[in-house]
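The next block holds one structure in the form of C-alpha cells; read it before the comments.
Throughout, protein chains are lettered first and strands after them, A, B, ... in sequence-line order, and every chain is numbered starting at 1. It should be emphasised that the depicted structure is a prediction, and the values quoted were computed from it without experimental measurement.
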Amino acid sequence: MNYFKVVSEIVCSEIRNLIEEGKLVSDLNLGQVGVETTKDPVHGDLASNAAMVLAKPAKKSPKELGEIIVDRLLKRSEFEFVSLAGPGFINLKMVPKFWTRLLPRVLESGLKYGDCDLGRGKTVNVEYVSANPTGPMHIGHARGAVIGDALGNLLSKAGYEVSREYYINDAGVQIDVLARSVHLRYRQALGEKIDKIPDGLYPGEYLKQTAKDLVERDGNKWCKLKEEIWLPELRNFAIESMMSLIRDDLTALGVVHDVFTSESTLVFNGSNSEVVNELKSLDLVYIGTLKPPKGKILEDWEKRPQLLFRSTKFGDDVDRPLQKADGDWTYFASDIAYHLNKFERGFNSMINVWGADHKGYVKRMKAAVKAITRDKGTLNVQLCNLVNLLEDGRPAKMSKRAGSFVTLREVVDEVGKDAVRFIMLTRNSDAPLDFDLRKVLEQSKDNPLFYVQYAHARVCSVIRNARVSFPSLLLDDSSLAKADMNGLSDPGELKMIRELASWPEVVERAAMSKEPHKIAFYLSDLAASFHAFWNRGNSEESLRFIVLDNPQQTIERVALARAVGIVIGSGLAVIGIEPLEEMR
RNA sequence: GCGCCCGUAGCUCAGCUGGAUAGAGCACUAGACUACGAAUCUAGGGGUCGGGAGUUCGAAUCUUCCCGGGCGCGCCA
C-alpha cells in the first residue's frame with residue numbers, strides 16, 4: 001500500500017476514461033505520469049505532472065489538457081480541492097479522511113508496515129565487511145558492516161530474498177605474514193626474548209593471545225622447526241583465531257552474515273584455474289604486455305608479458321592481469337572465481353559493499369561478472385568512504401598500545417552499538433563521515449539517534465499516561481485501529497500522518513537506490529514533526545495527546561502517536577536498532 | 001596523463017532520480033517550562049546551487065567545456 005501509487009492511479013484512470021470517451025488521443029503513454037509531495041502547503045498535499053508530460057503527445061497545451069483532467073478529478077470524492085497551477089501542475093488536496101484512514105492500517109500491520117514487493121521474492125546476495133583476517137576490526141570496517149547489514153534488512157523489507165555473505169581473504173601473502181607474526185609471538189610466549197617486532201610483520205598485541213592459545217594447544221611443538229614445516233599449520237591456526245576475533249567484533253556490533261566463503265578453499269578446489277579456462281574458451285584471455293600507467297612513477301617497472309583478461313571488451317579501461325610473475329593467481333582471478341561461485345549458487349543479483357579505496361577495482365569486476373555469467377548476472381558495488389574518528393571535533397587520540405589503531409571494539413564499548421550503527425547511516429555512503437565520540441553520547445538533538453529515540457520514548461510515555469488517565473479505555477493496537485479518526489484535523493496531525501503515509505515510498509526508493517541512509521534521514525524528519533506537535537501541546541492544552549475531558553480525542557491522538565512509534569520502530573529495525581521505551 | 005566521485009547558507013550536509021519562491025541542523029538573534037518528559041519547540045536574518053554554454057514548457061539535478069578538491073591507476077589485498 002503506497003499512497004503515491006493510489007493517487008497516481010486515480011489520476012491515470014480518469015485519463016484513461018477520457019481516452020475511452022474519445023476526448024484525448026488514444027496513444028498516450030501514462031508511464032511518466034506520477035504524483036509528488038508539494039513543498040508549499042498552499043499547493044495542497046500532492047501534485048501531478050500529468051498535464052505537463054502528456055501535453056505534447058496529446059497535442060494540447062499543458063493548461064488546456066490540465067483543465068480537462070482537473071474537471072474530471074473534481075468529481076471524485078477523494079479530493080478536497082483540485083487546481084491547475086504554475087506551468088501545469090495539478091495540485092491535489094486530499095480530504096482528511098483519505099489520510100486518517102491510513103492509521104488503522106499502520107496499527108494493524110505493525111512493524112510490517114512499509115514492506116513492499118519491489119523484489120518480488122528475487123534472491124540477492126549482499127557481501128559486506130570481508131575484512132582481511134589479519135586483526136580485529138577498526139572503525140572504518142564498521143561503516144561497511146553497518147551499511148551492508150542495513151542494506152540487507154532494507155532489501156528484505158522490500159521483498160527480496162537476501163543472503164548475507166562474508167568473503168574471507170585467507171589466501172594471499174598477507175596470511176603468510178600473519179603466520180610468521182604469530183610464530184614470533186609464539187616463541188615469545190615460550191620464553192624467548194623478542195626486543196622488537198621486525199619490519200614487515202604485524203606488531204599488534206592482539207597476536208599475543210593467539211600465540212598463547214597455540215602454546216596451550218600444541219606446547220612447544222612448532223618452536224624449533226623450519227618455516228616450511230610450521231607455516232601451513234600456523235596459517236590455519238592464525239586465520240581461525242583472527243576470524244573468531246572478527247566474529248566477536250561483528251557480534252558486538254549486531255552484524256550478522258548467513259554465509260562465510262573462504263578464498264583459500266576456492267583456490268584449493270581449483271576454481272581459479274577453472275574460471276580462467278572458462279574465460280579462455282570464450283576467447284577472453286590472452287598473453288600481452290601492458291603499458292606503464294602514465295603520470296605515476298613506478299621505479300620497478302619492467303615490461304613483462306602477462307596473462308590478461310579482456311576486460312576492455314566489457315567497459316574497463318585496460319585489460320587486467322590474472323596471473324602474477326611467480327605463477328600465482330592474482331586477487332582478481334580469485335575474485336572472478338568467487339563471483340562465478342556466487343552466481344552458480346543462484347545469485348544473479350550481487351551487491352558488494354566495498355571501501356572507497358577499491359574504487360579502481362569496480363569496473364574490472366563488473367566486466368568480469370558480465371563476461372563470466374554471459375550477461376545474466378549483475379554486480380552492484382556500494383562504496384563507502386572514510387570515517388574520521390573525532391573527539392570534541394579534534395581527531396581522536398590513537399590507542400596507546402603500539403602498533404594498534406582505535407579498534408571497533410573500543411568504540412562500541414565507549415558509545416554502544418546503536419550509536420555506531422545510526423551515525424554510520426547519517427551520510428551518503430560515498431561521502432566521508434565524521435564520527436565524534438563525544439557528540440554521539442550527547443543527549444541533545446545534535447545526536448540524531450537520541451533525537452529519534454526520544455520521540456519513541458515520548459510515544460511510549462503518552463500511552464503509559466493515557467492508561468492511567470483513562471483506565472477504562474482499551475488502548476492496545478487492535479482496539480486503537482477500530483477508532484474513528486475523524487477528529488484528527490490539525491495541520492500538525494495531518495502532517496505526521498502524511499509522513500507516515502510516505503514510509504512505504506521511502507522504503508521503496510531507498511531499496512531501489514540501495515541507500516539505507518535514507519531511512520535514517522526519514523526517521524529524523526518524522527521525529528521532528530512529532531516533537532513539534534508535542535510542543536504545541538505545552539502552550540495549548542487542547543493539542544495534547546491526552547485530553548482529560550475528551551476520551552474520544554485522546555483515543556485518536558494515542559492512535560496517531562502509536563502509529564508514529566510503530567513506524568519509528570520499523571525504521572530502526574532496518575538500521576538494526578531496538579527502540580527505547582524510556583530514556584531516563 | 002587517464003578513469004571515477006565531489007563542489008549547495010559562515011560550518012556540517014539534505015534535495016524525493018527534470019518540477020513551482022533551493023531546504024534542514026549547528027552557530028547567531030529573539031521568544032515559549034507551576035513539565036501529557038522544555039533532553040524539546042517557535043520565529044528571524046543568511047544563497048549568482050564552483051563558472052560558462054547547451055538540451056526544453058522547466059535544470060542544483062541531464063550534456064559539454066573550464067576552475068577547484070578527493071581517490072584510484074601491472075605482478076597488494
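Among rU40(B), rC76(B), rC75(B), the nucleotide with an atom closest to any side-chain atom of Ser444(A) is rU40(B).
Backbone-only engagement by Asn428(A) is indicated by non-hydrogen atom pairs under 4.0 Å involving sugar-phosphate atoms exclusively. Nucleic acid contact class of Tyr361(A) (heavy atoms, under 4.0 Å, all strands): base. Using a 4.0 Å heavy-atom distance criterion, Arg304(A) is classed as a base contact. Contact annotation for Thr37(A): base contact, defined as any heavy-atom pair under 4.0 Å involving a base atom.
In the displayed structure, Lys518(A) atom NZ is contacted under 6.0 Å by more than 12 heavy atoms of other residues, nucleotides or ligands. The environment of CD in Glu9(A) is crowded: more than 12 heavy-atom neighbours from other residues, nucleotides or ligands sit within 6.0 Å. Within a 6.0 Å sphere centred on CG of Asp199(A), heavy atoms belonging to other residues, nucleotides or ligands number 12 at most.
At whole-Å resolution of the value, OH in Tyr166(A) and C1' in rA77(B) are 13 Å apart. We find that CG of Asn388(A) is positioned 13 Å from C1' of rU12(B), with the value rounded to whole Å. Rounded to whole Å, the distance from OH on Tyr522(A) to P on rG15(B) is 16 Å. Rounded to an integer number of Å, the gap from Lys291(A) NZ to rC75(B) P is 18 Å.
Evaluation of the side-chain hydrogen bond (donor to acceptor under 3.5 Å, both in side chains) rule for Tyr338(A) yields Glu165(A) as partners, not counting sequence neighbours. Remark: Lys5(A) engages Glu508(A) in a salt bridge (charged side-chain N to carboxylate O under 4.0 Å, His left out) (not counting sequence neighbours).
Smallest separation of non-hydrogen atoms from Cys460(A) and Leu580(A): SG-O, 4.3 Å.
Between Glu442(A) and Arg438(A), no side-chain nitrogen of the basic residue sits less than 4.0 Å from a carboxylate oxygen of the acidic one, so the salt-bridge criterion is not met. With salt bridges taken as basic N to acidic carboxylate O contacts below 4.0 Å, none links Glu515(A) and Arg509(A).
From Leu84(A), atom CG reaches atom CD1 of Ile69(A) across 9.0 Å, with rounding to the nearest 0.5 Å. We find the CZ-CE distance between Phe332(A) and Met365(A) to be 5.5 Å, quoted to the nearest 0.5 Å.
The side-chain hydrogen bond (donor to acceptor under 3.5 Å, both in side chains) contacts involving residues 308-322 of chain A comprise Tyr286(A)-Asp319(A), Ser311(A)-Asp316(A), Thr312(A)-Asp319(A), Asp316(A)-Arg320(A), Asp317(A)-Lys363(A), where partners must be two or more places apart or lie in separate chains.
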Review point. Using a cut-off of 4.0 Å between protein heavy atoms and nucleotide atoms, how would you tag nucleotides 17-28 of chain B 5' to 3' with B, S and -?
Key: B-BB----SS--
Point to revise | Base versus backbone protein contacts along nucleotides 3-10 of chain B [heavy-atom cut-off under 4.0 Å; B, S, -] | key: SBS-----
Practice item. Using a 4.0 Å cut-off on protein heavy atoms (strictly under), produce a 5'-to-3' string for nucleotides 31-38 of chain B with B for base contact, S for backbone-only sugar-phosphate contact, and - for none. Key: -----BBB
